[in-house]
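This report concerns only the one structure given below.
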Amino acid sequence: MIAMIENDDLQHISSVLTNWYKKNKRDLPWRNIHDPYRIWISEIILQQTRVAQGYDYYLKFTQQFPDVQLLANAPEDEVLKCWQGLGYYSRARNLQAAAKQIMTQHNGKFPSAYDDILALKGIGEYTAAAISSFAFKQPYAVVDGNVFRFLSRYFGIDSPIDSGAGKKQFTELANSLLDKQQPDLHNQAIMEFGALQCTPTNPDCIHCPLETSCFAKEHDKISYLPVKEKKTRVTHRYFHHLVFICGEETLLSKRSDKDIWQNLYEFPLYESTKLCSFEEILMERNWLSELVKLNSVHVSYQSKEIKHVLSHQIIHAIFYVINTECTTSELSHFIPVKIEHLNKYPVSRLTEKFLKKFSENLPYSKNKYIFTAN
DNA sequence: ATCCCGGTCT
DNA sequence: AGACCGGGAT
């Protein structure tokens with residue numbers, strides 16, 4: 001049925017979208033620029049992220065890392081710190097890996113060929129099409145969540161957008177709709193239309209310039225389209241963090257591969273399949289019991305359970321603040337950190353949340369001012 | 001409290 | 001196919 005759409009109709013739709021865009025577009029700092037580096041940064045930030053959430057990060061990131069070389073040569077901790085709170089931290093790690101790729105494979109100049117762009121780490125089909133069209137005016141149609149939604153509703157396509165066949169079908173349709181004379185304008189327009197007009201819930205059909213020819217509107221399928229088939233199942237995890245206070249210092253560890261928050265820092269963690277008391281943790285961590293025997297260790301603060309919800313995991317966390325007189329060398333597999341330098345280390349929203357609560361609960365300590373993650 | 005939203009990598 | 005994150009809407 002898609003094959004039966006006339007070329008004239010497709011051209012008409014594209015021109016309606018671009019006209020709508022010219023009247024309704026938001027003024028954003030990554031619009032009307034041609035520096036591929038900045039366009040790239042904006043597209044990575046906007047992956048899985050709303051404009052409102054990514055806006056300040058774009059400004060901060062491009063200010064701190066103004067070009068490919070400075071990004072490539074920066075310490076990873078600084079890049080992650082700049083990304084702190086934005087989520088999906090592999091985006092920041094891949095951003096830097098790609099910057100190094102550009103330095104070694106392209107002499108530091110952002111590549112312009114679609115295949116070279118696609119080969120960069122963290123850049124998939126969507127982002128390659130976005131950069132190719134925005135920075136180099138090449139005719140590649142973007143297919144992001146906004147485009148899936150608009151196309152599925154307008155043309156009444158119920159192929160699941162998270163299946164291989166569905167992706168292929170939508171990509172072909174998006175490319176047949178693409179205005180190849182002005183692919184940048186067309187791509188911006190169709191995405192902005194999905195973001196502002198054809199929204200996930202309560203789309204503004206009353207003011208929609210395509211209302212009278214929209215399949216979903218006519219057949220009352222707006223809430224049904226687009227179709228997704230995958231269900232995410234949620235696992236529960238129980239984190240017990242030990243916040244050692246040894247004079248001016250505390251201890252951190254760096255999270256490693258194959259788990260959430262890779263390469264971010266955290267307070268030493270005991271994870272188990274249920275929530276534990278401090279005594280239960282002692283039974284599972286001999287080195288800690290030894291410490292208790294040797295020193296006057298006491299728990300000066302215990303957070304309430306903090307529930308941290310991700311789409312695929314629910315983390316139940318308790319933080320134990322442990323004052324100890326031990327020297328940090330007794331806990332040498334952790335990283336000793338001056339409390340006043342804690343804010344240099346990239347941490348998850350969960351750790352940020354704890355630090356905020358903890359500093360608020362300190363009645364008059366000067367720690368109130370230095371126990372922050374920002 | 002319970003839903004929904006979204007690109008890339010492995 | 002499943003993992004990766006945080007925030008917004010209802």
Side-chain angles (χ1 to χ4, degrees), chain A residues 40-57 80 83-98 101 117-131 140-153 160-167 170-171 174 187 191-192 194-196 198-204 222-237 239 255-264 266 305-317 346-353 356 373:
Chain A
W40 170 46
I41 301 300
S42 74
E43 287 303 333
I44 301 299
I45 288 175
L46 264 32
Q47 288 171 2
Q48 315 300 97
T49 304
R50 291 175 173 78
V51 166
Q53 198 198 346
Y55 192 101
D56 290 341
Y57 283 89
L80 286 171
W83 207 265
Q84 178 174 306
L86 198 50
Y88 288 112
Y89 299 92
S90 64
R91 291 182 295 170
R93 297 190 303 268
N94 288 337
L95 211 40
Q96 197 175 26
Q101 260 182 289
I117 297 172
L118 184 61
L120 296 172
K121 251 193 173 265
I123 296 187
E125 286 189 8
Y126 160 74
T127 307
I131 297 172
Y140 294 90
V142 292
V143 188
D144 74 341
N146 296 309
V147 176
F148 278 123
R149 190 166 55 252
F150 166 65
L151 294 179
S152 68
R153 285 176 178 166
I161 63 173
D162 52 0
S163 69
K167 284 195 177 83
F170 281 101
T171 301
N187 277 339
M191 288 195 289
E192 191 80 334
L196 298 182
C198 195
T199 51
T201 56
N202 305 322
D204 188 12
I222 290 162
S223 59
Y224 169 74
L225 293 169
V227 173
K228 263 187 276 187
E229 60 186 7
K230 287 188 189 117
K231 63 221 175 278
T232 55
R233 47 174 224 285
V234 174
T235 59
H236 288 256
R237 300 174 72 177
F239 283 10
R255 293 187 62 85
S256 50
D257 292 358
K258 299 277 178 190
D259 200 355
I260 57 171
W261 302 324
Q262 187 188 328
N263 291 5
L264 269 55
E266 67 186 359
E305 179 186 344
I306 299 176
K307 198 156 59 154
H308 190 77
V309 180
L310 307 175
S311 68
H312 57 308
Q313 297 186 7
I314 296 178
I315 294 163
H316 307 261
V347 299
S348 67
R349 273 283 197 242
L350 170 61
T351 297
E352 259 187 273
K353 221 183 283 181
K356 186 167 184 296

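Rounded to a whole Å, the CG atom of A:L118 is 8 Å from the P atom of B:dC9. Between A:I315 atom CD1 and C:dG6 atom P there is a gap of 8 Å when expressed in whole angstrom units. In this structure, the CG atom of A:L46 is 18 Å from the P atom of B:dC5, given to the nearest Å. A straight line from CD of A:E229 to C1' of C:dG2 spans 13 Å, rounded to a whole angstrom. For A:F170 and B:dG7, the CZ to P distance is 14 Å, given to the nearest whole Å. Atom CZ in A:F148 sits about 9 Å away from atom P in B:dG7, given to the nearest Å. The separation between A:H312 atom NE2 and B:dG6 atom P is 17 Å, rounded to whole Å. Counting to the nearest Å, the P atom of B:dG7 and the CG atom of A:L86 are 13 Å from each other.
Across all their heavy atoms, A:C198 and A:R149 have their closest contact at O-NE, 2.7 Å.
In this structure, A:K228 reaches the B:dC5 phosphate: one of its side-chain N or O atoms is under 4.0 Å from OP1 or OP2. Phosphate contact (OP1/OP2 of C:dG7, side-chain N/O of A:K353, threshold under 4.0 Å): absent. When the side-chain nitrogen and oxygen atoms of A:W261 are compared with OP1 and OP2 of C:dG6, one or more of them lie within a distance under 4.0 Å. The phosphate of B:dC5 (OP1 or OP2) has no side-chain N or O of A:R149 nearer than 4.0 angstrom.
Using a 4.0 Å heavy-atom distance criterion, A:T127 is classed as a sugar-phosphate-only contact. A:R50 comes within 4.0 angstrom of a nucleotide base, judged by non-hydrogen atoms across all strands. Residue contacts for A:K167: at a heavy-atom cut-off of 4.0 Å it reaches no nucleic acid atom on any strand shown. At a threshold of 4.0 angstrom between heavy atoms, the contacts of A:I44 with the nucleic acid are absent. A:Y126 comes within contact range of the sugar-phosphate backbone alone, with a heavy-atom separation under 4.0 Å but no base atom that close.
For A:R237 and A:N202, each mapped to the nucleotide of DNA chain C holding its nearest heavy atom, the one lying further toward the 5' end belongs to A:R237. Both A:T201 and A:N94 sit near DNA chain B, but only A:T201 has its closest nucleotide nearer the 5' end. Residue order along DNA chain C, read from the 5' end via each residue's closest nucleotide, puts A:S163 first among A:Q313 and A:S163.
Here B:dT8 is the nucleotide among B:dT8, C:dG6, C:dC4 with the atom lying nearest to any side-chain atom of A:Q47. Distance from the side chain of A:Y88 is smallest for B:dG7 among the nucleotides C:dG6, B:dG7, B:dC5. With distances taken from any side-chain atom of A:Q48 to the nucleotides B:dG7, C:dT10, B:dC5, the minimum falls on B:dG7.
Here A:K121 contributes atom NZ and A:I44 contributes atom CD1; the two are 12.0 Å apart, rounded to the nearest 0.5 Å.
Only one option out of A:S348, A:P346, A:S256 pairs with A:W261 in a side chain to side chain contact (heavy atoms under 4.5 Å, CB included); it is A:S348. Put simply, the residue from A:F150, A:Y126, A:F148 that forms a ring pair (Phe, Tyr, Trp, His ring centres under 6.0 Å) with A:F170 is A:F148.
A:H316 and A:H236 have parallel rings, their planes meeting at less than 30° on a 0 to 90° scale where 60° marks the start of perpendicular.
Listed for the A:T49 side chain is a donor-acceptor partner under 3.5 Å among the backbone atoms of A:Q47.
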